[in-house]
Structure formats: structure tokens, C-alpha cells
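Notes for the one structure printed next.
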Amino acid sequence: MRTAKPRAWPPRTTRARATRPRSPSKQTAQIPDAVVGHYTRLLDDSGVLPLIDAELGPRPGPRGLPIAAVLTCLLLSINHTGKATLVEAWRIAAFCLTATARHRLGLPEVDPEDVHQVLASSRRFYRAFDRLTTVLDPARHDRRARLPQHQADALAAAWDDDDPEHSRKRDLLQDIVTALLLTPVHWAKGRGYLRRFRGDVGIDTTATRSSPAHPAPAAPPAN
């Protein structure tokens, strides 16, 4: 009677190639340091980084990638690709920044030909963003897991209930979003771009009705 031979694992390099994120298929253009510096100043002037650092607090284990670097690359992704996705932000961090910009953001060098470096770089980037979303989530759970309807309803209710800690997290998220939205407006006003503009400045990125500081007739939802 023959016994089946144990299945041999593929070589480590083969496994890494199969699981790594896809690097750009052609030479990518580097983003100028001035553009990177612009979005770095945006985060600094917005004041959201101290709020995030205070929420993260001291955490055990390796420090990982700086949250500021991940957020800067997300802003660069929105500007250059129109997408606010982690995979595009990581590709920019790994392949589109100069050595000077990577050093200032605290990002390690990545050899595109080394599959293990590429895979490790992607995982570090995703783990850094997971730290941020986990600590700011009013209802912490594995968002990649399928849940029964009653569990999903209980988690969704955390965004609208009266729990003090949930309310604090929601208010903190609102402060971060408001600061990021208003900082470019403050820049424009300080540089005189709105000097001849006599109307009100409105910012709306939602698909629902929103109320300004001074009551006014509600506008129809944005498409």
C-alpha cells in the first residue's frame, strides 16, 4: 500500500511572489519634494497629529511606520490618482518618493527587485493604518469578518448611541475631519486668495444634508 508523499511547500521566494502586492509594471514618475512638503505642512498646520498621538498613547512592541507618513501618502494618492486607497498610497510611499522625502517621512528604502522587502513594506504600511483606524473606532472589531445581522446591528448602533466613550470617539473623528477640511481654507484666506470674494465659503463632501453655523435653508443632497 502506497502512502501519499507529504506535500512540499513551494520555495520561500515563490510564496513571497504569490502573496506580495503588485508593484508598478513600468517606471513610475517621482513626486517632487515640494509637493510632499506641501501635504506635510497641511497635516502639521491642521493640528490633527497631536490629537492622534494622544489617542494612540504608549503602545507595546515596535513603533512601526509613522502615522504622519501614512496620512501624507494618502493625501498624495488623492492628489495624483484621485483615489484614497491604501494600495495606491503604499505604491507612492514605496516607489514614487525621492530618497530625501522618504527620509523626512521616516520611510525605509525599498528595493523593487527584492520581493521580501516589497511584501514587508506593504504589511508595515497597512499595519500602521490599522493602528489608526482601530484606536479611533467607536466599535472595535475585525472589519474583514462577515458577521450575523444582529451583531452587525449592534456595532452600527455604536455610531449613534449615548455611550460616553462612543460619543468621545465620534467627536474626535469630527474634529480631525473638520481640521483637515478647514486648513486649506485658512491658507487661502491668509494668502489673500479670497480677498475679492464677498460670499460665504461652503465645504460639503457628504451625500446628506448638513447645517452651517448660521441656520439657513437646507440644500438638496449632493450627487
Original post:
Do K169 and E165 have side-chain heavy atoms sitting under 4.5 Å apart?
Top reply: yes
Subject >> Minimum side-chain heavy-atom gap L180-L43 below 4.5 Å >> reply: yes
Original post:
Are more than 12 heavy atoms from other residues, nucleotides or ligands located less than 6.0 Å from atom NE2 of H103?
Top reply: no
Original post:
Does any non-hydrogen side-chain atom of H80 lie less than 4.5 Å from one of V35?
Top reply: yes
**OP:** Measure the shortest side-chain to side-chain distance between D163 and P138 over non-hydrogen atoms and say whether it is less than 4.5 angstrom.
**Re:** no
Original post:
If we only count heavy atoms from C-beta on, is the L71 to I52 side-chain gap below 4.5 Å?
Top reply: yes
Original post:
So, the side chain of T133 versus the backbone of D130: is there a donor-acceptor pair under 3.5 Å, distance only?
Top reply: yes
Original post:
If you measure from CD1 on I31 to OG1 on T98, what distance do you get to the nearest 0.5 Å?
Top reply: 9.5 Å
**OP:** Measure centre to centre between the rings of F129 and W90, then say whether the value is under 6.0 Å.
**Re:** no
Original post:
Measuring from H166:NE2 to D171:CG, what's the distance to the nearest 0.5 Å?
Top reply: 13.0 Å
**OP:** Would you name the heavy atoms of R170 and D160 that are closest together and state the gap between them?
**Re:** NH1-N, 3.7 Å
**OP:** Considering non-hydrogen atoms only, spot the tightest contact between T72 and Y39 and give its length.
**Re:** CG2-CB, 4.3 Å
Subject >> Hydrophobic cluster membership, W159 vs L155, 4.5 Å side-chain cutoff >> reply: no
Subject >> Co-membership, hydrophobic cluster, residues V70 and L49, 4.5 Å side-chain >> reply: yes
Subject >> More than 12 heavy atoms of other groups within 6.0 Å of R104 CZ >> reply: no
Original post:
Within the distance-only criterion (no hydrogens, no angle test), does the side chain of S77 pair as donor or acceptor with the backbone N or O of C73 below 3.5 angstrom?
Top reply: no
**OP:** State the CZ-CG distance between R102 and D33, to the nearest 0.5 angstrom.
**Re:** 10.0 Å
**OP:** Step by step, work out the side-chain contact (heavy atoms from CB on, under 4.5 Å) result for R91 and F125.
**Re:** CA-CA 10 Å; R91 285 173 180 162; F125 196 90; over 6 Å; no
**OP:** Determine whether L86 and L74 make a side-chain contact, defined as any pair of heavy atoms from C-beta on separated by less than 4.5 Å.
**Re:** yes
Original post:
Is it true that V185 and I78 fall in one hydrophobic cluster, defined by side-chain heavy atoms closer than 4.5 Å?
Top reply: no
**OP:** Rounded to the nearest 0.5 Å, what's the gap from CG on L105 to CG on L65? Could you check?
**Re:** 10.0 Å
Subject >> Side-chain touch L119/R123, heavy atoms, less than 4.5 angstrom >> reply: yes
Subject >> Side chains of S121 and R124, donor plus acceptor under 3.5 Å >> reply: no
**OP:** Using a strict 4.0 Å threshold on nitrogen-to-oxygen distance, state whether R131 and E55 make a salt bridge.
**Re:** no
Original post:
Minimum heavy-atom separation for E109 to A99, with atom names?
Top reply: OE2-CB, 3.6 Å
Subject >> Test item: V118 and D111 side chains (from C-beta on) under 4.5 Å apart, heavy atoms >> reply: no
**OP:** Would you give the length of the straight line joining atom OG of S46 to atom CZ of R41, rounded to the nearest 0.5 angstrom?
**Re:** 13.0 Å
**OP:** Could you walk me through whether L76 and L97 pass side-chain contact (heavy atoms from CB on, under 4.5 Å), step by step?
**Re:** CA-CA 10 Å; L76 290 169; L97 300 181; 4.1 Å; yes
Subject >> Interatomic distance, I67 atom CD1 to D53 atom CG [nearest 0.5 angstrom] >> reply: 8.0 Å
Original post:
Looking just at side-chain N and O atoms, do T183 and D45 make a donor-acceptor pair shorter than 3.5 Å?
Top reply: no
Original post:
What is the minimum heavy-atom distance between A94 and V110, and which atoms define it?
Top reply: O-CB, 4.2 Å
